[in-house]
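Proteins get letters first, then strands, A, B, ... in listed order; numbering begins at 1 in each.
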Protein chains: 2
Amino acid sequence: MAKKKTSQKEKCCDPSDVTLPGDDTAEDLAKLAWAVAHPARVRIVRLLIGRKACVCGEIVDEITLAQSTVSQHLKILKESGLIQGEVDGPRVCYCINRDKLKMLKKLIAGLK
Amino acid sequence: MAKKKTSQKEKCCDPSDVTLPGDDTAEDLAKLAWAVAHPARVRIVRLLIGRKACVCGEIVDEITLAQSTVSQHLKILKESGLIQGEVDGPRVCYCINRDKLKMLKKLIAGLK
DNA sequence: AACGTTTATCGTCGATATACGATAGAATGT
DNA sequence: ACATTCTATCGTATATCGACGATAAACGTT
């Protein structure tokens, strides 16, 4: 599929060779962005950030979704590394992983 | 689904009423995050940022995906508002919407 | 041991994402 | 007019998301 540069018209595109910035972080960024790519997960993240400490099943009360659905979102967030869950007796306390959050911010801010 | 606060054990969670930060932007953030929630789209965005100008079918050459697939990703990015496409003769030049990018950065940076 | 509470997982369903090839549309050049 | 090039769209197949209810698993309490 790759071939000649065509005439190029010089109208708007200027195809001087550009070296892509390290693609290695594309996956990381996509993964973290994916974690907050759903309104419910954004709310959960904000909720957890709001309380510096972690929260438990109250998330279910705050988010207007079924408990199982919230649990799934929490799982996705956990898999992204953005949040961490710690078992505390019968309940589980979640809290933000500040490092991952920082990394997300850094990667997004680095889009330039 | 909302009911009593239970005993609460005071172990790790501290359920002082917390007012959620404006939920209104949750959708916006989710939508923009979604746009960059795929490695290919991250690469495209970075590519477009790299060249301050816009690019055309070269994106297809840079991204190792079929032309139709790239076109779909471009459509998603366009729908998110992160990029804009401008017809230039037979080809289409894409460029970053700096405002939207700024908004994404702002929303992500605002996670605190 | 039995119960209640809390959370995770399972099974299901519809909707959507993602990938591709094939095709259609638009614009230019011969 | 015709061929060429570039891009978008269609059609299709597969995988995953997102939602729910139902159930299981873990823990504390009685």
Side-chain angles (χ1 to χ4, degrees), chain A residues 1-13 15 26-27 30-31 33-44 54-80 83-95, chain B residues 1-13 15 26-27 30-31 33-44 54-80 83-95:
Chain A
M1 273 179 177
K3 53 235 85 50
K4 74 299 202 37
K5 269 353 176 24
T6 76
S7 46
Q8 261 308 136
K9 205 61 167 296
E10 231 59 35
K11 182 74 161 300
C12 111
C13 306
E27 307 258 350
K31 191 174 174 183
W34 166 253
V36 289
H38 190 288
R41 292 198 289 271
V42 172
R43 290 190 209 103
I44 293 174
C54 43
V55 204
C56 328
E58 288 186 314
I59 299 174
V60 176
D61 295 337
E62 296 285 352
I63 311 293
T64 61
L65 289 172
Q67 178 267 325
S68 57
T69 306
V70 172
S71 194
Q72 274 190 139
H73 285 303
L74 288 170
K75 188 180 180 182
I76 291 175
L77 285 168
K78 208 163 40 176
E79 283 171 354
S80 79
I83 73 174
Q84 292 170 322
E86 185 185 338
V87 177
D88 171 37
R91 44 198 135 241
V92 177
C93 288
Y94 286 96
C95 54
Chain B
M1 275 173 178
K3 55 235 86 49
K4 71 309 201 29
K5 276 314 150 74
T6 76
S7 46
Q8 261 309 133
K9 204 64 168 291
E10 230 63 34
K11 182 74 160 299
C12 110
C13 307
E27 308 259 348
K31 190 175 176 182
W34 165 254
V36 291
H38 190 287
R41 293 199 288 273
V42 172
R43 289 190 208 102
I44 292 174
C54 42
V55 204
C56 327
E58 288 185 314
I59 300 174
V60 177
D61 295 336
E62 296 285 353
I63 311 293
T64 60
L65 289 171
Q67 178 267 325
S68 57
T69 306
V70 172
S71 195
Q72 275 192 138
H73 283 304
L74 288 171
K75 188 180 180 183
I76 290 174
L77 284 169
K78 209 162 40 175
E79 284 172 353
S80 78
I83 73 174
Q84 292 169 320
E86 184 186 338
V87 177
D88 171 36
R91 44 198 137 244
V92 178
C93 288
Y94 287 97
C95 54

A/Ile59 CD1 - C/dT7 C1' separation (whole Å): 11 Å

Protein-nucleotide distance (B/Leu74, atom CG; D/dT9, atom P), rounded to Å: 11 Å

Whole-Å distance separating the CG atom of B/Leu65 from the C1' atom of C/dT18: 9 Å

B/Arg91 vs C/dT28: side-chain N/O to OP1/OP2 distance below 4.0 Å: no

side-chain N/O A/His38 vs D/dT16 OP1/OP2, d < 4.0 Å: no

For atom CD1 of B/Ile76 and atom P of C/dT18, their distance in whole Å: 5 Å

Distance, nearest 0.5 Å, that separates CD of A/Gln72 from CD of A/Gln67: 10.0 Å

Rounded distance (Å) that lies between atom P of C/dT7 and atom CG of A/Leu77: 16 Å

Nearest-0.5 Å distance that lies between atom NZ in A/Lys78 and atom OG in A/Ser71: 7.0 Å

Nearest-neighbour nucleotide for the A/Lys75 side chain, C/dT9, D/dG18, C/dT18 considered: C/dT9

Option from A/Ile76, A/Ile63, A/Leu74, A/Val70 for which side chain to side chain contact (heavy atoms under 4.5 Å, CB included) with A/Arg41 holds: A/Ile76

Gap separating the CD1 atom of A/Ile59 from the CD1 atom of A/Ile44, nearest 0.5 angstrom: 6.0 Å

Check: D/dG18 base within 3.5 Å donor-acceptor of A/Thr69 side chain: no

Options D/dG18, C/dT28, D/dT7, nucleotide nearest the side-chain atoms of B/Val92: D/dT7

Any A/His73 side-chain nitrogen or oxygen under 4.0 Å from OP1 or OP2 of D/dA19: yes

Derivation and outcome, side chain to side chain contact (heavy atoms under 4.5 Å, CB included), residues A/Arg43 and A/His38: CA-CA 9 Å; A/Arg43 290 190 209 103; A/His38 190 288; over 6 Å; no

Comparing A/Ala37 and A/Ser68 on DNA chain D - which has the more 5′ nearest nucleotide: A/Ala37

Separation of C/dT6 P from A/Asp88 CG (nearest whole Å): 13 Å

Euclidean distance, atom CD of residue B/Glu79 to atom P of C/dA17 [Å, nearest integer]: 9 Å

Gap between atoms CD and P, on A/Gln67 and C/dA8 respectively (whole Å): 7 Å

Presence of donor-acceptor pair under 3.5 Å, side chain of B/Gln72 and base of C/dA17: no

